[in-house]
There are 2 protein chains.
Amino acid sequence: MLTDRQLLILQVIIDDFIRSGQPVGSRTLSKKHQIAFSSATIRNEMADLEELGYIEKTHISSGRVPSEKGYRYYVDHLLPPQRLTRADIQKIRSVFAERIYELEKLMQKSAQILSELTNYTSIALGPAFKESKLKRMQIVPLNEQTAVAIVVTDTGHVENRVVTIPPSMDAGDLEKMVNIFNERLNGVPLIDLKEKMETEVADVLRRHIRNYDSMLNTLIETIDVPEEEKVFFAGKANMLNQPEFSDIQKVRPLLNIIEQEKDIYRLLRKQTQKGVRVSIGHENELRGMENCSLITATYSVGDEPLGAIAILGPTRMEYSRVITVLNRVASDLSAALTKWYQSQ
Amino acid sequence: MLTDRQLLILQVIIDDFIRSGQPVGSRTLSKKHQIAFSSATIRNEMADLEELGYIEKTHISSGRVPSEKGYRYYVDHLLPPQRLTRADIQKIRSVFAERIYELEKLMQKSAQILSELTNYTSIALGPAFKESKLKRMQIVPLNEQTAVAIVVTDTGHVENRVVTIPPSMDAGDLEKMVNIFNERLNGVPLIDLKEKMETEVADVLRRHIRNYDSMLNTLIETIDVPEEEKVFFAGKANMLNQPEFSDIQKVRPLLNIIEQEKDIYRLLRKQTQKGVRVSIGHENELRGMENCSLITATYSVGDEPLGAIAILGPTRMEYSRVITVLNRVASDLSAALTKWYQSQ
DNA sequence: TTTAGCACTCGAATTGTTTGAGTGCTAACA
DNA sequence: TGTTAGCACTCAAACAATTCGAGTGCTAAA
């Protein structure tokens with residue numbers, strides 16, 4: 001177990017390093033007002049902390065730098081309390097004060113405010129619509145061969161696809177078909193839509209409409225394309241401001257991960273337990289993120305976590321501030337969404 | 001006017017520099033099989049070319065590098081003919097061979113193939129829908145207070161917004177309203193929609209529906225939000241592979257421009273005359289693009305240019321190849337879109 | 001247990017040197 | 001008159017040598 005003095009020294013080292021990015025030496029530490037011991041004493045303690053794996057040297061005669069284990073301990077036990085300024089709180093609030101017209105805009109804005117307040121890259125994963133149910137289906141014919149199929153969910157989300165109309169079908173059939181759908185499928189969760197269409201509805205259709213099947217198949221096929229939740233990024237270029245990424249070679253894999261979106265998407269998707277999670281350096285499974293920390297928080301509607309927002313930065317990250325900001329944005333976002341969903 | 005020999009030398013210098021990225025010296029040139037003169041002769045010619053402003057030295061005793069004027073001349077008069085390989089042509093064709101379900105996917109794929117074939121950053125501007133006309137409007141109530149307003153255009157494009165229903169309005173009114181819209185506004189270009197709604201339709205509404213006006217205003221307001229064409233990027237990270245951008249300081253402003261999207265959007269929007277356009281270095285008005293060239297091409301449906309695709313890279317760019325690829329993709333994209341629109 | 005002192009280490013910055021690719025100019029040549 | 005060989009000169013880049021300073025570990029005294 002670490003002594004109080006060791007804890008103090010560890011904390012000051014990490015705080016200082018996060019601020020400056022420079023290895024911290026014993027003399028620098030001894031000058032801090034929080035610390036009353038000589039540099040020699042500190043050197044002894046630092047040697048112990050190093051042996052325990054909390055800090056490291058960059059070379060034999062250098063100051064110390066936190067190890068991943070050190071950061072982990074810091075995040076778990078030593079986070080200095082942090083309060084947002086009025087201005088920050090105000091900024092966040094103003095984002096969510098406006099009337100929501102589009103969920104996507106809201107998510108984009110959330111990401112934006114996150115990267116603005118932290119100067120890191122931020123990510124927002126759109127809410128998962130798996131749960132949402134069919135409110136209305138609509139087919140708008142464009143001409144003889146094509147039509148737009150539109151699906152509206154109870155959450156106000158709209159999906160649409162262009163479909164081909166089989167030559168044997170006319171406008172009347174189409175209308176009948178849509179009516180049957182809306183009668184039978186109202187309130188069905190989108191995930192079950194395909195199955196229901198194939199079983200229950202097919203029977204009814206068979207009785208009323210000739211040649212319904214090729215059209216039905218086209219529809220099922222197009223509706224079934226699983227719509228992935230969108231990922232919103234902001235402040236990608238902030239990555240370049242970090243001195244640890246001043247070397248192009250080190251940024252490239254990161255920017256690739258970011259550009260790809262898919263990996264990040266999966267990472268955030270996994271995050272379903274409530275609250276803030278911090279992944280430091282090699283705790284991230286993704287290759288190319290060894291020098292990064294990813295801090296995620298979930299947002300929810302009512303009690304159910306729907307999605308996640310996250311900050312991506314170097315392991316030398318302002319954990320305290322980032323976590324505070326993330327918490328605040330997540331809770332404001334949750335509140336806004338809850339209000340929005342409740343009115344549905 | 002330049003002599004034939006000067007032209008030859010200029011061309012070889014630029015070709016070589018584009019390939020190698022290194023300043024080209026007289027000895028290197030004299031060894032090329034296309035060139036039969038001694039290095040001393042070449043030095044004389046190069047001195048002339050420099051005086052005329054087509055090439056520059058990086059320092060007093062260095063080889064020569066093309067100036068922007070040199071690139072401009074090269075692009076206008078010296079482009080070596082370039083043919084795509086079968087494989088390349090095949091790759092492009094396969095992108096457009098598939099059935100189009102969503103315009104956005106198609107644009108995204110166009111951008112992707114562009115950056116894949118050129119190793120630069122590519123941009124695709126979605127088709128401008130200004131011309132498109134209202135096919136159908138639909139209002140789907142979600143609950144007492146809110147509804148989704150959906151607009152379908154004759155091109156199969158779907159726009160939707162959440163709107164608030166004034167308390168004084170009931171489901172019947174809503175339905176009547178939509179019916180009136182669809183009767184009166186079918187075929188009206190989206191740009192004129194607002195005006196028509198305010199003038200013609202308002203009168204009819206007044207006669208049939210109580211309290212129509214607050215709802216109408218909400219609708220007009222939400223429909224009127226000008227939907228900007230989307231910009232699709234691909235290969236952003238390719239920027240980092242260029243040796244001229246190996247310094248973070250030089251990439252940052254560029255990545256900022258790219259991340260912002262707005263400036264690029266405007267730039268591409270302006271490009272309406274048909275064909276390929278090349279902007280070299282300072283010909284680009286945007287700050288931060290001094291070291292870049294932007295090559296744009298328009299794609300059209302029938303005879304009307306609808307949008308643009310572009311490649312962004314360093315001024316030392318493989319102009320010949322890029323222009324060839326861009327032309328090919330633009331014409332294949334045009335063909336695909338034309339087919340698609342014709343069937344509407 | 002703490003601290004002062006000292007020898008030692010190493011990265012970073014500075015300086016000097018060498019090397020090679022390139023130039024311009026001049027004089028000879030075809 | 002145009003072309004070329006030769007020569008002196010320039011400069012960036014690579015490399016080695018040197019210095020400087022911030023840091024360490026260890027020891028002995030307080």
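Every chain is numbered from 1 and lettered A, B, ... according to where its sequence line falls, protein lines coming before strand lines. Source: prediction; values computed, not measured.
For D/dA12, neither phosphate oxygen OP1 nor OP2 lies less than 4.0 angstrom from any side-chain nitrogen or oxygen of B/Ser62. Neither OP1 nor OP2 of D/dG21 sits under 4.0 Å from any side-chain N or O of A/Arg27. A close approach under 4.0 Å does not occur between any side-chain nitrogen or oxygen of B/Lys57 and OP1 or OP2 of C/dA21. Within the structure, every side-chain polar atom (N or O) of A/Arg5 is placed at least 4.0 Å from both OP1 and OP2 of C/dT1. Between A/Ser39 and D/dG23, a side-chain N or O to OP1/OP2 separation shorter than 4.0 Å is absent.
For B/Thr41, taking side-chain heavy atoms from C-beta onward, the closest of the listed nucleotides C/dT3, D/dT4, D/dG25 is D/dT4. Taking only side-chain atoms of A/Glu50, from C-beta outward, the nucleotide of D/dG23, D/dG25, C/dT3 with the closest atom is D/dG25.
Whole-Å rounding puts the B/Asp4 CG to D/dG2 P distance at 16 Å. In this structure, A/Asp16 places its CG atom 10 Å from P of D/dG23, rounding to the nearest Å. One interatomic measurement links the two molecules: CD1 of B/Ile60 to P of C/dC25, which rounds to 10 Å at whole-angstrom precision. Atoms NE2 (A/His59) and C1' (D/dT24) sit 10 Å apart, rounded to a whole Å. If you take CD1 of B/Ile42 and C1' of C/dA21, they are 15 Å apart, rounded to a whole angstrom. Put simply, CZ on B/Arg43 is 12 Å from C1' on D/dC9, counting in whole angstrom units. A straight line from NZ of B/Lys31 to P of D/dT4 spans 16 Å, rounded to a whole angstrom. At whole-Å resolution of the value, CG in B/Asn44 and P in C/dG22 are 17 Å apart.
No donor-acceptor contact under 3.5 Å links the side chain of A/Ser38 to the base of C/dT3.
Residue-to-nucleotide proximity on DNA chain D shows that, of A/Ala40 and A/Pro23, the 5′-proximal contact is made by A/Pro23.
Between A/Tyr319 and A/Tyr71, the ring planes are tilted. Angles from 30° to 60° get that label.
Listed for the A/Glu56 side chain is no donor-acceptor partner under 3.5 Å among the backbone atoms of A/Glu50.
For the pair B/Arg72 and B/Glu283, the salt-bridge criterion is met [side-chain N within less than 4.0 Å of a carboxylate O]. Classification of A/Arg266 and A/Glu261 as a salt-bridged pair fails, no side-chain N sitting under 4.0 Å from a carboxylate O.
The residue B/Thr58 sits apart from the nucleic acid: no heavy atom pair falls under 4.0 Å.
Atom CG of B/Asn44 is separated from atom CE of B/Met46 by 11.0 Å, given to the nearest 0.5 angstrom.
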